[in-house]
Amino acid sequence: MSTAAPYSRELQIAQLAVQRAAILTKRVFHDSAKGTVSKSDASPVTIGDFGAQALIISALKHNFPQDQIVAEEEAAALRSDGALSSQIWDLVKSTSLESSEAEGLLGGSVPDESAMLDLIDLGNSAGGRSGRVWTLDPIDGTKGFLRGGQYAVCLALLEDGDVKVGVIGCPNLPVDDSAPLTADIGSNATDATGRGVLFSAVKGEGATSRPLTVGDLADGKKISMKPITDLASASFCESVEAGHSNQSESAQIAQKLGITNPSVRMDSQAKYGSIARGAGDIYLRLPTSKSYQEKIWDHAGGDLIVREAGGEVTDTKGNRLDFGVGRTLASNSGVIAAPKAVHAKVLDVVQEVLGLK
Ligand SMILES: Nc1ncnc2c1ncn2[C@@H]1O[C@H](COP(=O)(O)OS(=O)(=O)O)[C@@H](OP(=O)(O)O)[C@H]1O
Ligand SMILES: [Mg+2]
Ligand SMILES: [Mg+2]
Ligand SMILES: [Mg+2]
């Protein structure tokens, strides 16, 4: 007698929900009016972020009504801006998967505009150490999205603070797992043929990649990090924004490790997916300020995908990322992701340069 793979239903719903949301974000990218507004921390949010959040939460509520949701966006700004809200509603009501069977699994369309706003606000849970919590970044790397660079639609399931399922849709990464890591800022690579990848992982079951929206969900191929023995040939990636990661410290670390390639700067959790499939080797995110706390939706899926592909992910103190303390990674500082075989060496140099040892 065969038993279903663990979390198979959660994985299937998460993959379909991310696919549908990614279709919405691509529609927004090709539309000149992105409805960009500036949030209180001066970061941008677009109708794509709001629309993708509404569609994914709708699918989660339909399938897992008891689960908590921690998502990046909230509807407050839309409740006081009817024009923006109706722009998003136009998108949400007209975006669906081609397969009616898949649409049925997601619970079909959102009933009306007011329900859409309420769905967006269901992402306001506090998170924490107990129970099932989905964490969602409808567009990770909004700045990358706006400039035609990398961005990702990110969804993960935590159970008692532990990541069990991670799904990351990257519309602008090459499908080919062996394509070299490139910074493609402003390269107009968006939607070019051969782009769009869906990374997935279930705890204990490994990590996969597959084309984002083409083919059967069962088509996922196992991915693993590149076995590296010689750090001199390693490639490392980091944020585009200097305010998100200390790039002068990372350059010193790379030099001390003997890495000769310059860093590849790309937005979003596409960095985690890229190293998990061996297109790159190391992801460094070094804190720029003591006060900024990383958000759980910026890391949960990527943390699992890299670890299931044979990597190690810690903060700069060497601790595993702790997703059970709320909406942020309040007890962590920075991120160091690398193949298991070299992680300790990388961490050692990080701590030396940061004066942590
Ligand atoms: N000060 C500071 N420090 C560190 N991180 C920050 C900071 N401010 C914002 N953010 C979060 O960074 C998310 C995108 O960062 P990335 O490194 O993936 O991309 S980027 O190259 O920096 O754009 C970005 O995600 P999105 O808002 O989903 O785009 C933010 O959640
Ligand atoms: Mg944001
Ligand atoms: Mg983000
Ligand atoms: Mg975001």
Side-chain angles (χ1 to χ4, degrees), residues 17-18 21-22 24-26 28-29 34-57 60 69-78 84 88 91 119-125 127 134-156 158 163 166-173 199 237-245 265-274 283 285 287-289 292-306 313 321 323 326-330 332 334-335 337:
V18 167
L24 181 144
T25 65
K26 285 169 29 150
V28 174
F29 183 79
K34 300 194 176 53
T36 310
V37 277
S38 191
K39 297 204 281 188
S40 56
D41 64 357
S43 69
V45 58
T46 73
I47 55 173
D49 304 59
F50 290 118
Q53 178 155 325
L55 281 181
I56 291 178
I57 293 184
L60 293 177
I69 302 168
V70 171
E72 180 180 359
E73 311 302 346
E74 57 179 18
L78 311 180
L84 190 61
I88 298 162
L91 267 171
L119 284 168
I120 291 172
D121 277 337
L122 285 179
N124 67 357
S125 296
W134 291 89
T135 185
L136 163 65
D137 193 338
I139 294 186
D140 181 33
T142 306
K143 288 185 179 171
F145 168 69
L146 287 167
R147 68 166 97 84
Q150 293 305 329
Y151 73 97
V153 178
C154 308
L155 182 61
L158 310 170
V163 198
V167 175
I168 300 180
C170 299
N172 294 340
L173 275 185
F199 296 105
C237 52
E238 61 183 343
S239 294
V240 174
E241 298 277 318
H244 292 183
S245 182
R265 291 177 181 162
M266 57 163 70
D267 308 86
S268 84
Q269 291 194 59
K271 294 186 276 295
Y272 283 109
S274 294
Y283 169 18
R285 191 176 186 92
T288 52
S289 82
Y292 183 78
Q293 293 181 348
E294 296 286 346
K295 309 297 190 285
I296 62 171
W297 54 80
D298 283 326
H299 300 281
D303 173 83
L304 183 68
I305 289 166
V306 165
V313 184
L321 303 186
F323 295 98
R327 290 174 66 88
T328 69
L329 293 170
N332 295 111
V335 179

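Remember, it's 1-based here, ligands and their atoms both numbered in the order they're listed.
The two atoms that bring Pro44 and Thr36 nearest to each other are CB-CG2, 3.9 Å, heavy atoms only. The minimum heavy-atom distance linking Gln293 with Thr328 is given by the pair OE1-OG1, 2.8 Å.
When the Mg ion (ligand 3) is compared with the N/O/S atoms of Asp298, atom OD1 turns out nearest.
Listed for the Thr46 side chain is a donor-acceptor partner under 3.5 Å among the backbone atoms of Gly48. Checked by atom type and distance alone, the side chain of Glu72 never pairs as donor or acceptor with a backbone atom of Asp137 at under 3.5 Å. A donor-acceptor pair is defined here as one N or O able to donate and one able to accept, closer than 3.5 Å; such a pair exists between the side chain of Gln269 and the backbone of Gly302.
Each protein N, O or S atom less than 2.8 Å from the Mg ion (ligand 2) was counted, giving 1.
Side chain to side chain, His299 and Tyr272 meet the donor-acceptor criterion of an N or O pair below 3.5 Å.
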